[in-house]
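For this chain, numbers begin at 1 and follow the sequence in order.
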Amino acid sequence: MVTIHDVAKLAGVSVATVSRVMNDHARVAEKTKTRVERAINELNYAPSVLGRNLRTSKSSLLLVLIPSISNPFYTEIINGIEDTAIARGYNILLCETDSNPQRETIYFNLLRNRLAEGIISMDPSVNKNKLNELAESYPIIQCSEYDTESPIPYVTIDSEKAAYEAVTHLIELGHRKIALINSDERFLYARQRRNGYEQAMKQHGLAIREEWLYNAPQLKFAAGQEAISTLMQLEDKPTAIFAVSDIYAIGALKEIHRMGKKVPEDIALIGFDKISFSDMACPSLTTISQPMYEMGRISAEMIMDKLNGVNVSSKVLEHRLVCREST
């Protein structure tokens, strides 16, 4: 295995000079730098990242906590985080928690053991007490889901306002019987989006029927199918549905088709997030667009700023109602 000593010998310089060149030190003459770089390339030398980290106490690794890697909502956010981190000399490690406390502890210990430098958490089921405790000593940013009582900075959208606009859109189209397919209301976004739904309904003098409120146990396409199956069995059926996630909405769309009904003629449908699958649905899905890449980019910038001692503040980004064929 090629070592730094081999590079120094071939270039005719000291090991310290090779180290300075690799760390882009300004005190190295241009001719010397060229000679060292030529030796590195000739020997195909790759420095030990672990050894460098042990010397500098810097891993340049950011942990990104997500509940499930299969959820397409996180894809664009991760792209934004990764592009921004790499541009500034950092790498990311995706940490799928699966809402498992044991996995969570493993990832938290990476930070405590200085094998990572900070955490961007997108996990709505993360142990908030442990995360707040960790944030007292280490840089942490919340992205999308956040704790309203936590001092940890976050990047998100106004979910309540977005849900209000989605339901208002259905009302303006003439719908009066609007159902809600919601997630587990342990999560902040689910509570906020229900609040927006209820606010729009009440403001327009419309009844909120308990049987029109469906809470899915998991965020899966099948849950959207099950929700429609339940709602369509009601004697007083809704004519429109607001789903708090495109995943639910696309599952619902599939089940509506299976029943031989048409969207939006028989029932209108609106989702939330604008994941890539919403573009491909037939009919195309009306949805709330979250600036997912931007959320990732900003959360990465925020945590790297924190690492450099810069104070950062929480940010609420703009959402957008995207009207398509399903309404």
Side-chain angles (χ1 to χ4, degrees), residues 73 124 144-146 148 156-219 223-253 255-256 259 261-275 278 281 283-290 316 318-327:
F73 168 69
S144 183
E145 185 76 359
Y146 63 100
T148 55
T156 191
I157 67 163
D158 188 334
S159 278
E160 185 170 322
K161 181 180 178 183
Y164 171 85
E165 291 175 5
V167 177
T168 298
H169 172 65
L170 293 172
I171 294 169
E172 289 174 345
L173 290 173
H175 294 283
R176 296 296 178 263
K177 299 178 180 181
I178 303 171
L180 170 69
I181 302 177
N182 202 2
S183 182
D184 190 327
E185 291 188 19
R186 289 184 298 124
F187 306 141
L188 177 64
Y189 77 87
R191 298 195 301 275
Q192 290 175 328
R193 293 173 196 180
R194 174 170 176 164
N195 289 343
Y197 163 85
E198 292 183 345
Q199 183 184 348
M201 296 289 280
K202 290 175 181 176
Q203 186 170 310
H204 291 85
L206 301 180
I208 299 172
R209 302 275 294 276
E210 194 64 35
E211 61 266 34
W212 292 346
L213 306 178
Y214 185 95
N215 286 90
Q218 293 180 306
L219 192 57
Q225 293 177 267
E226 292 163 8
I228 287 296
S229 180
T230 299
L231 292 168
M232 290 298 100
Q233 290 178 30
L234 297 174
E235 186 174 336
D236 190 11
K237 298 176 177 59
T239 65
I241 290 174
F242 167 51
V244 303
S245 166
D246 285 347
I247 290 177
Y248 291 148
I250 295 169
L253 185 60
E255 186 65 13
I256 293 168
M259 291 178 169
K261 296 184 180 296
K262 294 183 178 180
V263 175
E265 291 85 354
D266 296 320
I267 187 163
L269 184 63
I270 186 168
F272 204 111
D273 292 333
K274 197 180 177 293
I275 63 174
S278 71
S284 56
L285 185 65
T286 295
T287 185
I288 294 292
S289 174
Q290 294 205 58
V316 179
E318 292 297 319
H319 60 271
R320 183 168 56 92
L321 174 64
V322 179
C323 297
R324 293 181 176 143
E325 298 168 336
S326 69
T327 55

> List the residues meeting side chain to side chain donor-acceptor pair (under 3.5 Å) with Glu165, not counting sequence neighbours, and say none if there are none.
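Testing Glu165 for side chain to side chain donor-acceptor pair (under 3.5 Å), a comparison that skips the adjacent residues, returns His319.
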> Might you point out which heavy atoms bring Pro283 and Val263 nearest each other, and give the distance in Å?
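Smallest interatomic distance, heavy atoms only, reads CG-O, 3.5 Å.
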> Just jot down the side-chain contact (heavy atoms from CB on, under 4.5 Å) partners of Pro264, sequence neighbours excluded, or say none.
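For Pro264, the residues satisfying side-chain contact (heavy atoms from CB on, under 4.5 Å) (neighbours in sequence not counted) are Ala268.
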> Using the side chain to side chain contact (heavy atoms under 4.5 Å, CB included) rule, pick out the option among Ile275, Thr156, Asp273 that qualifies with Gln290.
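That would be Asp273.
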> Mind checking the CD1-CZ spacing from Ile171 to Arg176? Nearest 0.5 Å is all I need.
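It is 7.0 Å, given to the nearest 0.5 Å.
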> For residues 240-251, pull every pair meeting side-chain hydrogen bond (donor to acceptor under 3.5 Å, both in side chains), keeping only residues two or more places apart or in separate chains.
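Every side-chain hydrogen bond (donor to acceptor under 3.5 Å, both in side chains) pair that includes a residue of residues 240-251, provided the two are not neighbours, is Asp246-Thr287.
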> Testing the basics here: between Tyr189 and Leu219, what is the closest heavy-atom pair and its distance to 0.1 Å?
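Heavy atoms of Tyr189 and Leu219 come nearest at OH-CD2, 4.3 Å.
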> Side-chain polar contacts of residues 194-203 - donor-acceptor pairs under 3.5 angstrom, sequence neighbours left out - could you list them?
residue: Arg194; atom: NE; partner: Glu198; partner atom: OE2; Å: 2.8
residue: Arg194; atom: NH1; partner: Glu185; partner atom: OE2; Å: 3.1
residue: Arg194; atom: NH2; partner: Glu198; partner atom: OE2; Å: 3.2
residue: Asn195; atom: ND2; partner: Arg191; partner atom: O; Å: 3.3
residue: Tyr197; atom: OH; partner: Ile178; partner atom: O; Å: 2.6
residue: Gln203; atom: OE1; partner: Tyr164; partner atom: OH; Å: 3.2
residue: Gln203; atom: NE2; partner: Tyr164; partner atom: OH; Å: 2.6

> What closest approach, in Å, do Tyr214 and Ala223 show between heavy atoms, and which atom pair accounts for it?
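Smallest heavy-atom distance, with atoms named: CE2-O, 4.2 Å.
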> Which heavy atom of Leu253 sits nearest a heavy atom of Ala281, and at what distance?
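Scanning both residues, the minimum pair turns out to be CD2-CB, 3.8 Å.
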> Could you tell me which residues satisfy side chain to side chain donor-acceptor pair (under 3.5 Å) with Glu211, sequence neighbours excluded, listed by chain and number?
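For Glu211 the side chain to side chain donor-acceptor pair (under 3.5 Å) partners, ignoring immediate neighbours, are Arg209.
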> For Glu255, check side-chain contact (heavy atoms from CB on, under 4.5 Å) against everything at least two apart and list the hits.
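Residues passing side-chain contact (heavy atoms from CB on, under 4.5 Å) with Glu255: Gln225, Ile228, Ser229, Arg258, Met259.
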> How would you list, by chain and number, every residue that makes a side chain to side chain donor-acceptor pair (under 3.5 Å) with Thr239, sequence neighbours excluded?
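If we apply the side chain to side chain donor-acceptor pair (under 3.5 Å) test to Thr239, skipping adjacent residues, the hits are His175.
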> Test side-chain contact (heavy atoms from CB on, under 4.5 Å) on Leu180 and Val244 and set out the steps.
CA-CA 8 Å; Leu180 170 69; Val244 303; 3.8 Å; yes
> Tell me, with the steps shown, if Lys237 and Ile267 meet side-chain contact (heavy atoms from CB on, under 4.5 Å).
CA-CA 10 Å; Lys237 298 176 177 59; Ile267 187 163; over 6 Å; no
> Which residues satisfy the side chain to side chain donor-acceptor pair (under 3.5 Å) test with Glu160, sequence neighbours excluded?
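So Glu160 forms no side chain to side chain donor-acceptor pair (under 3.5 Å) with any residue.
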> From Phe272 CZ over to Ile181 CD1, what is the distance, rounded to the nearest 0.5 angstrom?
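Here the rounded value is 14.5 Å.
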> Quick one: pull up CG in Leu206 and CH2 in Trp212 and give me the separation to the nearest 0.5 Å.
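Leu206 CG to Trp212 CH2: 8.5 Å, rounded to 0.5 Å.
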> With rounding to the nearest 0.5 Å, note down the distance linking OG in Ser159 to CD1 in Ile288.
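Between Ser159 OG and Ile288 CD1, I get 9.5 Å after rounding to 0.5 Å.
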> Sequence neighbours excluded, which residues qualify as salt bridge (charged side-chain N to carboxylate O under 4.0 Å, His left out) partners of Asp184?
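Counting only residues at least two positions away or on another chain, Asp184 forms a salt bridge (charged side-chain N to carboxylate O under 4.0 Å, His left out) with Arg186.
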> According to side-chain contact (heavy atoms from CB on, under 4.5 Å), who are the partners of Ala163, at least two apart in sequence or on a separate chain?
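With sequence neighbours excluded, Ala163 shows a side-chain contact (heavy atoms from CB on, under 4.5 Å) to Arg193, Phe242, given in chain and number order.
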> Do Asn215 side-chain atoms and Ser183 backbone N/O form a donor-acceptor pair below 3.5 Å?
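Checked: pair present.
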> Tell me which donor-acceptor pairs under 3.5 Å the side chains of residues 320-327 have, and how far apart each pair is, sequence neighbours excluded?
residue: Arg324; atom: NH1; partner: Ser278; partner atom: O; Å: 3.4
residue: Arg324; atom: NH1; partner: Ser278; partner atom: OG; Å: 3.2
residue: Arg324; atom: NH1; partner: Asp279; partner atom: OD1; Å: 3.4
residue: Arg324; atom: NH1; partner: Leu285; partner atom: O; Å: 2.9
residue: Arg324; atom: NH2; partner: Asp279; partner atom: OD1; Å: 2.3
residue: Glu325; atom: OE1; partner: Ser284; partner atom: N; Å: 2.9
residue: Glu325; atom: OE1; partner: Ser284; partner atom: OG; Å: 3.3
residue: Ser326; atom: OG; partner: Leu269; partner atom: O; Å: 2.5
residue: Ser326; atom: OG; partner: Thr286; partner atom: N; Å: 2.8
residue: Thr327; atom: OG1; partner: His169; partner atom: NE2; Å: 3.1
residue: Thr327; atom: OG1; partner: Thr286; partner atom: OG1; Å: 2.8

> Side-chain contact, heavy-atom cut-off 4.5 Å: Leu213 with Ile208?
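Counting from C-beta outward, Leu213 and Ile208 do come under 4.5 Å.
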> Residues two or more places apart in sequence or in another chain: which of them pass salt bridge (charged side-chain N to carboxylate O under 4.0 Å, His left out) with Lys161?
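Per chain and number, Lys161 pairs via salt bridge (charged side-chain N to carboxylate O under 4.0 Å, His left out) with no residue.
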